[in-house]
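Index from 1, following the sequence.
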Amino acid sequence: MSPFFSKRRVSFVSGALLCASLVSACSSMEPAQGVSARNELKPQATASTRSAPKDESTALVAPPSPPPSTPAAAPAAKKRGDVAAAPAPMMVEEREASDSLAAAEPAMRRAAPTKDAKGAAVAMGAPAGVLMVAPPPVQQPMEKGKMQAVDGDKGGAEGGNVFETYKANAFTETAKDNLSTFAADVDTASYSMARRYLQQGQLPPTHAVRVEEFVNYFKYRYTPPEEGAFTVHLEGAPSPFNARRQFVRVGVQGKVVSRSQRKPAHLVFLVDTSGSMASSDKLPLAIESIKVAVKNLNENDTVALVTYAGSTRDVLAPTPATDVKKIHAALDTLVAGGGTAMGSGMETAYKHAVKKAAGGVVSRVVVLTDGDANIGPNLTPKAMLSSIEKYVAEGVTLTTVGFGMGNYHDSLMEQLADKGNGNSFYVDSMKEARKVFETQLTGTLEVIAKDVKFQVEFNPKAVSRYRLMGYENRDIADKDFRDDKVDAGEIGAGHTVTALYEVELTGEAQDVATVRIRAKAPNGTEAKEQAFPLTRANLKPSMEAASSDFRFAVAVAATADILRAAPAAEGWSLATTQKLAEGAVAGDADRTEFVRLIGQARALTTASASGR
């Protein structure tokens, strides 16, 4: 009997008639028809279309139902015409496919995420249980067929990782708009997440790759300031991909504050103990991460512990960091189970943190979770973002640390950290836990500058076109650069911030651009502005003549652009970025690991191209 007829439901009343019809149909079926039906279930044809919501113009990929059909092609994304224009965010859910590899064509081109007329993303995916009658080809991890709205609609995210996607910056003609304005960003979650995908034999989804978080994951040897909050380092060199273009780097080094000199800190660890945190790479790793942090705190620091699952629980009142035994005992009682009242947990943690907030104390909430929030009075991202705004003004900062895969809400974690004047990290191993909680968190607790904005003014006589690599979600309108009420990024003690531009030079003008940085003191309300000239003297005659830090940063940014299929990176080669990175490792373990990851990405690309 064919698969079509085997799935028909027969009513009790008409059973006899229908059964007679089926017997007749089956007896007359030719054997070739059965073979044809089986052939329709080949892996490349397992996905079928289903009706999209009325306001969507693109079909959604759904579980297979005979006969299979091909999803509608994604419409081409519109190019970004103005760097200063606010990008339209899209929420995409991505289901991890642990038994498949990520797809990529030879040139690493992938279909761009699709949007409806209102700018909402169309999420695509195939749930568990899809019948595969042959070994699956190398393919991109499938995306779940549900949507997560930016305005906080909870959607249905269980089983899928959620990312917020922005269109890559396009080239801007300097004669039409010579200002590029963005906020500082020192998050690193995107790189750690991409690394995990690659180590599991998959290319990261294009919408999971944020260039600035790749670049700022690594340390650069910028000279620290002798006075003031930070120094600026400018450098440029010809592109290895296009002889008509140059890469230009803006590097910022924050002042270093030693562990003994920094202000006392009060950390409120808010730990997700819901059922979704049960796996070994979630709650157990989160507990060990906190223990690493406690070990690196000072004697004047204090720690509190709040958990949330179906309800919120105060596990540990503010306790001196030196009382390690008591803190560890509290941590060792944590077990996973129940729902995820994340909003309620945030409120409780902030109420604890604000009690200690003062000019002489660093008060911070540290959220450790997979970001899956499904119950509670403040269950939507929008509601939680609104609820923490009032605490930012009182001096409480927020760090989000993500764990696990399968239902990880990267988009929520990033938004919370941005709104909470903090940082977003992702921990995929104990090695990364030590990096984040030993160095990046406890070593940079003290904020040295807040609402840090960058504005690069390109000289039309020297630059014909430019594009900022990354920072799409940190875009600021040019007119808001000097509006001190507009929120921007924060720089902690010892932080570095690196941004790269791709530019096309013209003429012989010596002044290429002016880089302006505007920032407030940690407790200030009015910003101060500094300007730094970028001249041809900053541009090296060749990439080989540039510093190793510059060459490595270019290799990282270019790799990220290739992985996310940025239109401007069409034709770029991972072989070139790998060679460039290899020559700039300088004995650094993280850089060495990055070179290996490029090799894994190349292998996956080759496998995809050959159909393996």
Sub-3.5 Å donor-acceptor pair from the side chain of [X] to the main-chain atoms of [Y], do we have one?
X: Asn216; Y: Glu213; value: no
X: Ser548; Y: Ala584; value: no
X: Asp511; Y: Ala513; value: no

What's the separation between atom [atom1] in [X] and atom [atom2] in [Y], rounded to the nearest 0.5 Å?
X: Thr188; Y: Lys435; atom1: OG1; atom2: NZ; result: 7.5 Å
X: Asp451; Y: Asn421; atom1: CG; atom2: CG; result: 6.5 Å
X: Phe552; Y: Arg591; atom1: CZ; atom2: CZ; result: 5.5 Å
X: Thr399; Y: Phe425; atom1: OG1; atom2: CZ; result: 6.0 Å
X: Phe550; Y: Thr498; atom1: CZ; atom2: OG1; result: 11.0 Å

Take the angle between the ring planes of Trp572 and Phe241 and call it parallel below 30°, perpendicular above 60°, tilted in between. parallel
In terms of ring plane angle, is the pair Tyr191 and Phe594 parallel, tilted or perpendicular, where the classes change at 30° and 60°? tilted
For a side-chain contact (heavy atoms from CB on, under 4.5 Å) check, start with the C-alpha distance between Val215 and Tyr220, then their side-chain angles and the critical distance, and finish with the verdict. CA-CA 10 Å; Val215 173; Tyr220 303 99; 3.6 Å; yes
Presence of salt bridge, [Y] and [X], under 4.0 angstrom:
X: Arg195; Y: Asp590; result: no
X: Arg210; Y: Glu472; result: no
X: Asp484; Y: Arg518; result: yes
X: Asp487; Y: Lys419; result: no

Check whether NZ of the Lys or CZ of the Arg Arg465 lies under 6.0 Å from the centre of the six-membered ring of Phe171 and within 45 degrees of that ring's axis. yes
Would you verify whether the NZ or CZ of Arg196 falls within 45 degrees of the ring axis of Tyr426 while also being under 6.0 Å from that six-membered ring's centre? no
Which of Val512, Asn178, Leu534, Val456 passes side chain to side chain contact (heavy atoms under 4.5 Å, CB included) with Val463? It is Val512
Out of the candidates Leu500, Leu468, Leu234, only one should pair with Val250 under the side chain to side chain contact (heavy atoms under 4.5 Å, CB included) rule; please name it. Leu234
Side chain to side chain donor-acceptor pair (under 3.5 Å) partners of [X], counting only residues at least two apart:
X: Thr174; value: none
X: Lys255; value: none
X: Ser547; value: Glu235

With a 4.5 Å limit on heavy-atom distance, are the side chains of [X] and [Y] in contact?
X: Val486; Y: Lys453; answer: yes
X: Val497; Y: Asp185; answer: no
X: Tyr217; Y: Ser192; answer: yes

Apply side-chain contact (heavy atoms from CB on, under 4.5 Å) to the pair Phe454 and Thr181, showing each step before the final yes or no. CA-CA 6 Å; Phe454 295 81; Thr181 310; over 6 Å; no
